[in-house]
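For ligands, and for the atoms within them, numbers begin at 1 and follow the listed sequence. Note that this is a predicted model, so its numbers are computed, not measured. Residue numbers start at 1 and run along the sequence shown.
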Amino acid sequence: MASGAVAPSLSSPYVGPMSLRPILIHPDPRLKTVCKPVPEIDSSIRRLADDMLDTMYDAPGIGLAAPQVGQLVRLLVMDCVKDRDETPRPMVLINPEIIWTSDETNVYEEGCLSIPDQYAEVTRPAEVKVRWTTLDGGTEEEHFTGLWATCVQHEIDHLNGRLFIDYLTSVRRGMITRKMEKLKRDRARAAAPAL
Ligand code: K1U
Ligand code: ZN
């Protein structure tokens, strides 16, 4: 969507100009990279966070990490409020760190905007405590449970170059990777001008 257009997504809490960034599709070396900490919060980081929230709501998704839009820095956005009657809760986490994990685990069928239409059960700690820097430079901590806990771990994995398919057997991962290679070939062909 062109910059300056009005948000079309019913799930987005925003109305006004939006900028969508293309989401990288696996396999891509940028999705396997350990991202660098954000050194300072300047206008380019604020713009990146804004664009990522627009891109996440438009997809639609419940999370998005900076490497998924080709920016190899430790920043993620998420909003796991799924119910349209509930108030949205857009969150921006800069340099997030998991400072505590529960012994209890939880299994959730995960998806990924960089691996479209593929889902698999992943086991992770059911609860985590995370510390991060906010957009205004403060430090926050929160104890996440349920889908929020699953999502924040999935997104922090992205910042460490890890995808949910890395939790699967190599046979299953290989099958999914081949499907994504085909998807990328098909998309490139569809985008190429006809001769
Ligand atoms: O990181 C990503 O690729 C986003 C991903 C986050 C995620 C999903 C499931 C478990 C853990 C983390 C997604 O948002 S996939 C799309 C999705 O789950 C969804 C989309 C619309 C409504 C509800 C969920
Ligand atoms: Zn993902």
Side-chain angles (χ1 to χ4, degrees), residues 7-14 18 20-35 48-96 98 101-102 104-128 130 132 142 144-168 172-173 176-177 179-181 183-184 187:
S9 166
L10 290 175
S11 53
S12 170
Y14 301 113
M18 63 189 294
L20 304 183
R21 300 201 184 195
I23 297 175
L24 299 180
I25 301 298
H26 166 74
D28 186 299
R30 288 167 287 184
L31 295 172
K32 301 303 299 171
T33 303
V34 178
C35 296
L48 174 62
D50 258 16
D51 292 355
M52 283 174 57
L53 282 167
D54 284 344
T55 305
M56 177 191 80
Y57 285 118
D58 179 77
I62 54 171
L64 191 67
Q68 293 180 277
V69 293
Q71 301 299 309
L72 303 182
V73 292
R74 302 186 77 82
L75 187 157
L76 66 88
V77 300
M78 60 178 183
D79 184 349
C80 297
V81 175
K82 278 184 174 173
D83 189 339
R84 284 171 183 226
D85 298 333
E86 261 186 70
T87 311
R89 190 184 178 210
M91 298 191 75
V92 176
L93 279 65
I94 298 168
N95 300 331
I98 296 176
T101 57
S102 62
E104 188 201 338
T105 57
N106 192 26
V107 181
Y108 191 86
E109 186 167 62
E110 298 192 15
C112 182
L113 297 175
S114 295
I115 310 177
D117 303 321
Q118 304 299 316
Y119 303 91
E121 288 191 341
V122 177
T123 304
R124 300 183 185 271
E127 302 185 10
V128 289
V130 179
W132 69 93
E142 187 162 328
F144 291 104
T145 62
L147 182 56
W148 288 92
T150 298
C151 187
V152 75
Q153 291 176 79
H154 175 116
E155 302 309 332
I156 291 173
D157 270 356
H158 273 300
L159 305 183
N160 292 323
R162 193 170 174 90
L163 301 171
F164 82 89
I165 56 171
D166 294 326
Y167 293 93
L168 310 181
R172 184 129 186 240
R173 187 163 57 248
I176 292 176
T177 299
K179 279 189 191 159
M180 292 301 105
E181 285 166 341
L183 174 74
K184 291 212 287 189
R187 283 187 180 182

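- The two atoms that bring Val77 and Ala49 nearest to each other are CG1-O, 4.0 Å, heavy atoms only.
- Counting only heavy atoms from C-beta outward, the side chains of Asp157 and His154 never approach each other to under 4.5 Å.
- No cation-pi contact links Arg124 to Phe164, judged by a cut-off of 6.0 Å to the six-membered ring centre and 45° from its axis.
- Nearest protein heavy-atom neighbour of atom 24 (C) of ligand 1: Ile62 CG2, 3.7 Å.
- Between Ser114 and ligand 1, no N or O atom pair is found at a separation short of 3.5 Å.
- Nearest protein neighbour of atom 10 (C) of ligand 1, counting heavy atoms only, is Glu110 CG, 3.7 Å.
- By the 6.0 Å and 45° rule, Arg74 does not stack over the aromatic ring of Trp132.
- Among Pro67, Gly63, Gly61, the residue whose heavy atom lies nearest to atom 4 (C) of ligand 1 is Gly63.
- In summary, the side chains of Gln68 and Ser114 do present a donor paired with an acceptor at a separation below 3.5 Å, with no hydrogens or angles considered.
- Using a 4.0 Å cut-off between a side-chain N of Lys or Arg and a carboxylate O of Asp or Glu, Glu155 and Arg162 do not qualify as a salt bridge.
- Residue Leu48 holds its CG atom at 9.0 Å from OG1 of Thr55, rounded to the nearest 0.5 Å.
- Distances below 4.0 Å separate heavy atoms of Gln68 from the following atoms of ligand 1: 1 (O), 2 (C), 3 (O).
- The shortest N or O to N or O distance between Tyr108 and ligand 1 is not under 3.5 Å.
- Remark: distances from the non-hydrogen atoms of Glu109 to ligand 1 are all 4.0 Å or more.
- Around the Zn ion (ligand 2), protein N, O or S atoms at less than 2.8 Å comprise Cys112 SG, His154 NE2, His158 NE2.
- Not one N or O of Lys82 is nearer than 3.5 Å to an N or O of ligand 1, by distance alone.
- Rounded to the nearest 0.5 Å, atoms CD1 (Ile115) and OG1 (Thr177) are 7.5 Å apart.
- Scanning the protein heavy atoms around atom 3 (O) of ligand 1, the nearest turns out to be Leu113 N, 2.7 Å.
- Ligand 1 has at least one atom lying under 4.0 Å from a heavy atom of Pro60.
- Across all non-hydrogen atoms, the minimal contact from Met52 to Ala65 is CE-C, 3.5 Å.
- The heavy atom nearest to atom 15 (S) of ligand 1, considering only Ala59, Cys80, Gly111, Cys151, is found in Gly111.
- Nearest to atom 1 (O) of ligand 1 among the protein's heavy atoms is Glu155 OE2, 2.6 Å.
- Interface atoms of ligand 1 facing His158, defined by a heavy-atom separation under 4.0 Å, are 1 (O), 3 (O).
- Listed for the Asp166 side chain is a donor-acceptor partner under 3.5 Å among the backbone atoms of Leu163.
- Using a cut-off of 4.0 Å between Lys/Arg side-chain N and Asp/Glu carboxylate O, Arg21 and Asp50 are scored as not salt-bridged.
- Between Met56 and Asp79 the shortest side-chain heavy-atom distance falls below 4.5 Å.
- Using a 4.0 Å threshold on non-hydrogen atoms, atom 22 (C) of ligand 1 does not count as touching the protein.
- Across all their heavy atoms, Ile25 and Leu31 have their closest contact at C-CD1, 4.0 Å.
- Polar contact with ligand 1: absent for Cys112 (N/O pair, distance under 3.5 Å).
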